[in-house]
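Here the structure comes first, spelled out in structure tokens, and everything after it is commentary.
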Amino acid sequence: MSQPNHPLVLVTGGSGFIAVHVILKLLEQGYRVRATLRTMSRQDEVRAMLMSGGLTNLEALSFIQADLSSDQNWDAAVQGTDYVIQVASPTPNKVYKDENEMIQPAREGVLRVLRAARDAGVKRVVLTSAFGAIGVGHINHKGPYTEEDWSNTDANIHPYQKSKTIAEIAAWDFIRQEGHGLELATVNPVGVMGPILGHDYSHSNESVRQMIEGKMKAVPKIYSDYVDVRDVADLHLLAMLRPEANGQRFIASSAENLSMLEIARILRKHLGEDAKLAPRREHPNIVVRTLAIFNPKLKMIASLLGQDMSTSNQKAKRLLGWTPRSAEEAIAATGRSMVDIIKGQMK
Ligand code: NAP
């Protein structure tokens with residue numbers, strides 16, 4: 001049970017898939033949480049997601065309106081907080097006409113949050129970055145990506161991945177040049193799966209929905225790493241608290257490289273009849289590249305064909321004692337939540 005003197009943590013983008021799981025862990029562990037929302041009318045939805053995650057008492061949770069694209073309220077949002085977890089960022093849920101519609105809020109939003117945190121005397125900011133800031137835009141990369149790697153923004157990479165890379169670089173530059181002692185750690189998740197607590201789920205779960213509904217008859221030949229959202233939340237808390245996490249990036253990954261066909265197989269294994277429409281064949285790369293010319297939603301997928309996106313999770317395990325679940329467990333949990341959403345059983 002949280003007390004008035006327990007540390008206060010600001011979580012930005014409190015309505016998001018990952019942020020809700022971070023808030024859930026923080027409240028479970030007795031922290032007080034202030035969450036930013038772009039739209040304050042979503043408060044009840046966030047409370048409902050936390051209750052469906054098992055919480056019964058939300059007295060230690062409060063909300064404040066803030067948008068990454070505006071200076072308004074950020075000083076008030078960080079006031080009195082011990083830590084800030086900066087999760088909010090434009091994600092590929094919708095198609096943007098211009099890459100700057102993603103890049104500007106991502107970069108400037110991070111800088112707004114860091115400036116406000118520094119001025120308010122916050123101890124540490126944890127930034128939710130992404131694998132997209134680590135391992136894209138490289139040709140013929142050998143071996144798993146590590147925290148030493150950075151995506152190549154000069155290559156023709158997707159605006160989302162560019163936005164994450166540019167925002168993270170800006171964050172580290174800020175800490176070096178004008179942080180005045182503010183601490184920073186980043187968590188860089190690969191594809192995040194796991195239990196969905198409400199109807200507004202992340203882009204990373206969308207392919208599971210399409211597989212279950214039979215809308216994906218065949219899959220692109222993409223090999224990716226996955227991680228469970230509960231483990232991503234745990235890693236945020238470790239990165240926030242552990243002295244050795246200061247100044248470090250951490251890849252959040254189960255470090256198992258799976259094809260999309262393997263995801264479909266896992267769904268069939270765990271969901272039985274509910275996943276009977278999951279795909280059983282792969283598209284040739286040429287088909288996906290051609291479709292992406294006409295369908296902007298496929299552009300990111302097409303840019304990942306033939307890429308080795310395997311990652312190492314050794315740093316988080318070694319330095320912080322982080323113990324992620326398997327990719328299979330994460331994917332099966334997404335599948336079960338998605339079936340509840342599709343059947344209308346999710347409140
Ligand atoms: P999500 O469910 O779409 O959440 C995104 C959150 O960011 C939402 O709360 C959204 O608010 C907020 N947001 C977007 N633009 C904003 C703006 N201009 N001002 C204020 N808030 C804004 O996605 P998610 O998967 O949880 O992603 C959370 C973070 O994890 C992001 O930084 C993302 O890049 C990172 N990440 C995700 C994955 C993944 O596989 N899911 C992998 C690596 C990294 P609204 O509800 O108002 O739209």
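Atoms within each ligand, like the ligands themselves, are counted from 1 in listed order.
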Report yes or no: do [X] and [Y] form a side-chain donor-acceptor pair below 3.5 Å?
| X | Y | result |
| --- | --- | --- |
| Glu206 | Tyr201 | yes |
| Thr311 | Ser253 | yes |
| Glu256 | Ser254 | yes |

Using the side chain to side chain donor-acceptor pair (under 3.5 Å) rule, take Ser202 and Ser204 through it: C-alpha gap first, then chi angles, then the decisive distance, then the call. CA-CA 5 Å; Ser202 166; Ser204 51; 3.2 Å; yes

Suppose we screen for side chain to side chain contact (heavy atoms under 4.5 Å, CB included). Which residues come up paired with His138, at least two apart in sequence or across chains?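 His138 satisfies side chain to side chain contact (heavy atoms under 4.5 Å, CB included) with His141, Tyr145, Asn152 once adjacent residues are dropped.
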
Proximal protein residues to ligand 1, non-hydrogen atoms under 4.0 angstrom: Gly13, Ser15, Gly16, Phe17, Ile18, Arg38, Arg42, Asp67, Leu68, Val87, Ala88, Ser89, Pro90, Thr91, Asn93, Thr128, Ser129, Ala130, Tyr160, Lys164, Pro189, Val190, Gly191, Val192, Ser202, His203, Ser204

So, His203 versus Phe17, ring centres under 6.0 angstrom or not?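 No, ring centres 6.0 Å or more apart.
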
